[in-house]
Trainee: 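Take this structure first; my questions come after.
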Amino acid sequence: MPSFHPKGSVIAALDVGSSKIACFIGRIRDENGNIDVIGVGHQASQGIKAGTVVDLDLAESAIRQSVHTAEKMAADVTKGYPLREVIVNVPAIHTRSHLMNMNVQIMGQAITDNDIRRAMAKAQSQIMAPESELIHTIPTSYRIDGHDGIQEPRGLYGQNLDVDIHIVTGASAPLRNIAGCIQASHLDITALCAAPYASGLACLVDDEMDMGCVVVDMGGGTTGIAIFYGKEMIFTDSVPVGGQHVTNDIAKGLTTSIQAAERMKALYGSAIATSTDDKDLIDVHPLGEEDPIQPNHIPRSYLVSIIAPRLEETLELVRAKIADSGLSHVAGRRVVLTGGASQIPGLRELAQKYLEKQVRLGRPLRLPGLADSVSGPAFSTTAGLLHYVTERADEMPAEIMASVEDATLWERVKLWLRENW
Ligand SMILES: Nc1ncnc2c1ncn2[C@@H]1O[C@H](COP(=O)(O)OP(=O)(O)OP(=O)(O)O)[C@@H](O)[C@H]1O
Ligand SMILES: [Mg+2]
């Protein structure tokens with residue numbers, strides 16, 4: 001796949017999540033788009049709830065801090081130059097998939113890159129709506145004169161080219177708020193990428209991406225879904241539930257603080273009950289009680305009985321979204337589960353049951369040398385943003401509009417004739 005950035009150039013990813021804000025700075029190692037991570041910064045999100053900015057100042061300062069930490073770590077390589085540009089995730093909750101089919105006339109000539117771009121530009125112009133931004137324009141399959149299964153149309157002759165195109169749009173207002181926070185930190189946004197798409201680019205192996213796979217990214221406030229087939233993302237959606245809902249349920253159910261609930265979830269939580277759960281006792285410090293010597297004791301099974309229904313509900317919603325897409329059969333039998341909340345023990349088995357597919361846990365696969373603390377499933381989106389910009393820049397809407405050949409007058413007339421006759 002082509003790298004749109006020359007060897008040695010520095011790129012940076014900013015993952016604005018509901019639980020954490022993470023920044024990875026990478027340097028392109030070679031012509032194949034391999035990347036060395038040279039700076040990492042992350043910190044707990046502030047001013048952001050379920051992918052939506054709720055406090056501009058807090059969100060801006062959290063973004064600034066995580067970028068600053070990454071910059072400091074990368075300073076040896078960047079000679080201390082501040083970052084100027086970042087690739088940013090679009091929270092899954094603010095995106096929408098549109099599946100379109102575009103026909104362009106070829107008139108017996110060999111298909112060129114420009115013909116495909118014309119189809120993409122045509123699809124883009126049809127989908128433009130007020131209050132929505134174009135995020136991705138992805139050609140997913142081609143037919144020439146009705147013949148299916150065309151993998152690479154460029155160079156082939158035909159009369160008619162049909163292109164299936166997956167367009168992802170994002171809701172303008174929430175995106176503008178996120179962009180505002182980033183720009184206030186003196187950073188330009190070079191590209192936007194749907195969060196579950198980035199996660200898939202980081203976690204999937206080639207065969208999964210090719211033969212069909214569903215990525216389920218369980219984050220703090222949302223669970224993102226992306227379906228891949230034929231090496232492309234063919235659908236994305238989300239459900240507004242994530243790990244924070246589980247934590248809140250625990251805090252309410254045991255009348256304890258959010259921090260204590262979070263700790264209990266990570267230390268003793270499980271998605272499915274085991275036979276020893278009744279015998280294992282856990283200390284619970286009731287809310288407002290200062291005295292740590294007098295905790296309540298509850299059996300672990302009680303904790304599991306709070307966690308499991310929320311996870312089951314989340315998986316049921318994910319199952320329904322996949323079914324509603326009408327693409328479940330195309331997605332095949334494989335699910336890759338990632339995101340911070342995927343780490344709860346037993347979730348893989350539970351997901352297998354609810355989604356009726358083969359489930360594996362995913363984490364960034366293609367950024368060697370990441371420290372343990374930032375190579376886990378919570379950083380799949382962050383890692384994937386770097387891959388997106390090195391491997392998929394041709395799916396950025398602005399690139400497409402800019403690169404549809406600016407034809408001379410006569411060529412424009414010919415194009416018009418081709419399109420309309
Ligand atoms: N060891 C663990 N066991 C269970 N859950 C965990 C563990 N570590 C983190 N989590 C959960 O992961 C969630 C955060 O995941 P992640 O960092 O992927 O979210 P995010 O990207 O900030 O959020 P979003 O994608 O929804 O905007 C939190 O709810 C947290 O409780
Ligand atoms: Mg996330």
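Quick caveat, the model's predicted, so the values are computed rather than measured. Note that ligands are numbered from 1 as they come in the structure, with each ligand's atoms numbered from 1 the same way. Values below: every heavy atom of this structure, side chains too, minus hydrogens, waters and symmetry copies.
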Trainee: Give the atom numbers and elements of ligand 1 that come within less than 4.0 Å of a heavy atom of G339.
Mentor: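 So the atoms of ligand 1 that pass are 18 (O).
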
Trainee: Assess the side chains of D164 and S141: does a donor N or O sit below 3.5 Å from an acceptor N or O?
Mentor: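 Side chains of D164 and S141: pair found under 3.5 Å.
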
Trainee: Do you see a donor-acceptor pair shorter than 3.5 Å between the side chains of T247 and E262?
Mentor: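 Yes, a side-chain donor-acceptor pair sits under 3.5 Å.
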
Trainee: Using distance alone, decide if ligand 1 has a nitrogen or oxygen within less than 3.5 Å of any nitrogen or oxygen in A266.
Mentor: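 By distance alone, the answer is no.
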
Trainee: If the plane angle is over 60° it's perpendicular, under 30° parallel, otherwise tilted; pick one for H42 and F379.
Mentor: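 Aromatic pair H42/F379 classed perpendicular.
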
Trainee: N/O to N/O below 3.5 Å, does that happen between G340 and ligand 1?
Mentor: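 Such a contact does occur with ligand 1.
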
Trainee: Tell me if the aromatic rings of H136 and Y388 count as close, with their centers under 6.0 Å from one another.
Mentor: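 Between Y388 and H136, which both carry aromatic rings, the centre distance is below 6.0 Å.
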
Trainee: Considering heavy atoms of the protein only, find what lies nearest to atom 19 (O) of ligand 1 and give residue, atom and distance to 0.1 Å.
Mentor: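 Scanning the protein heavy atoms, the shortest distance from atom 19 (O) of ligand 1 goes to G220 N, 3.0 Å.
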
Trainee: Give me the nearest non-hydrogen protein atom to atom 4 (C) of ligand 1 as residue plus atom name, then the distance to 0.1 Å.
Mentor: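 Result for atom 4 (C) of ligand 1: I344 N, 3.9 Å.
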
Trainee: Out of all atoms in ligand 1, which are within 4.0 Å of some heavy atom of A341? Include the element for each.
Mentor: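 Heavy-atom distances to A341 below 4.0 Å select 11 (C), 12 (O), 13 (C), 15 (O).
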
Trainee: Does G221 come within less than 4.0 angstrom of ligand 1, counting non-hydrogen atoms of the residue?
Mentor: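 The answer is yes, since G221 has a heavy atom less than 4.0 Å from ligand 1.
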
Trainee: If the cut-off is 4.0 Å to any non-hydrogen atom of K20, which atoms of ligand 1 fall inside it?
Mentor: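 Answer, ordered by atom number: 16 (P), 17 (O), 18 (O), 20 (P), 21 (O), 22 (O).
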
Trainee: Side chain or backbone, does S18 bring an N or O within less than 3.5 Å of an N or O on ligand 1?
Mentor: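 N/O-N/O distance under 3.5 Å: yes.
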
Trainee: Return the closest protein heavy atom for atom 14 (C) of ligand 1 as residue, atom name and distance.
Mentor: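 Protein heavy atom at minimum distance: S19 OG, 3.4 Å.
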
Trainee: Does a side chain donor of either S380 or T338 reach within less than 3.5 Å of an acceptor in the other side chain?
Mentor: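 Yes, a side-chain donor-acceptor pair sits under 3.5 Å.
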
Trainee: Nearest heavy atom to atom 30 (C) of ligand 1: which of H245, Q343, E262 does it belong to?
Mentor: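 Heavy atom nearest to atom 30 (C) of ligand 1 belongs to E262.
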
Trainee: Taking atom types as modelled and ignoring hydrogens, do the side chains of K20 and S45 form a donor-acceptor contact shorter than 3.5 angstrom?
Mentor: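 The answer is no; no qualifying pair exists.
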
Trainee: If the cut-off is 4.0 Å to any non-hydrogen atom of Q244, which atoms of ligand 1 fall inside it?
Mentor: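 Matching atoms, with element in brackets: 29 (O).
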
Trainee: May I ask you to check whether D217 and T381 show a side-chain donor-acceptor distance below 3.5 Å?
Mentor: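 Their side chains do contain a donor-acceptor pair, which is all the 3.5 Å distance test asks for.
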
Trainee: Does the side chain of Q43 come under 3.5 Å of the side chain of S66 through a donor N or O and an acceptor N or O?
Mentor: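 Side-chain D/A pair, Q43 to S66: absent.
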
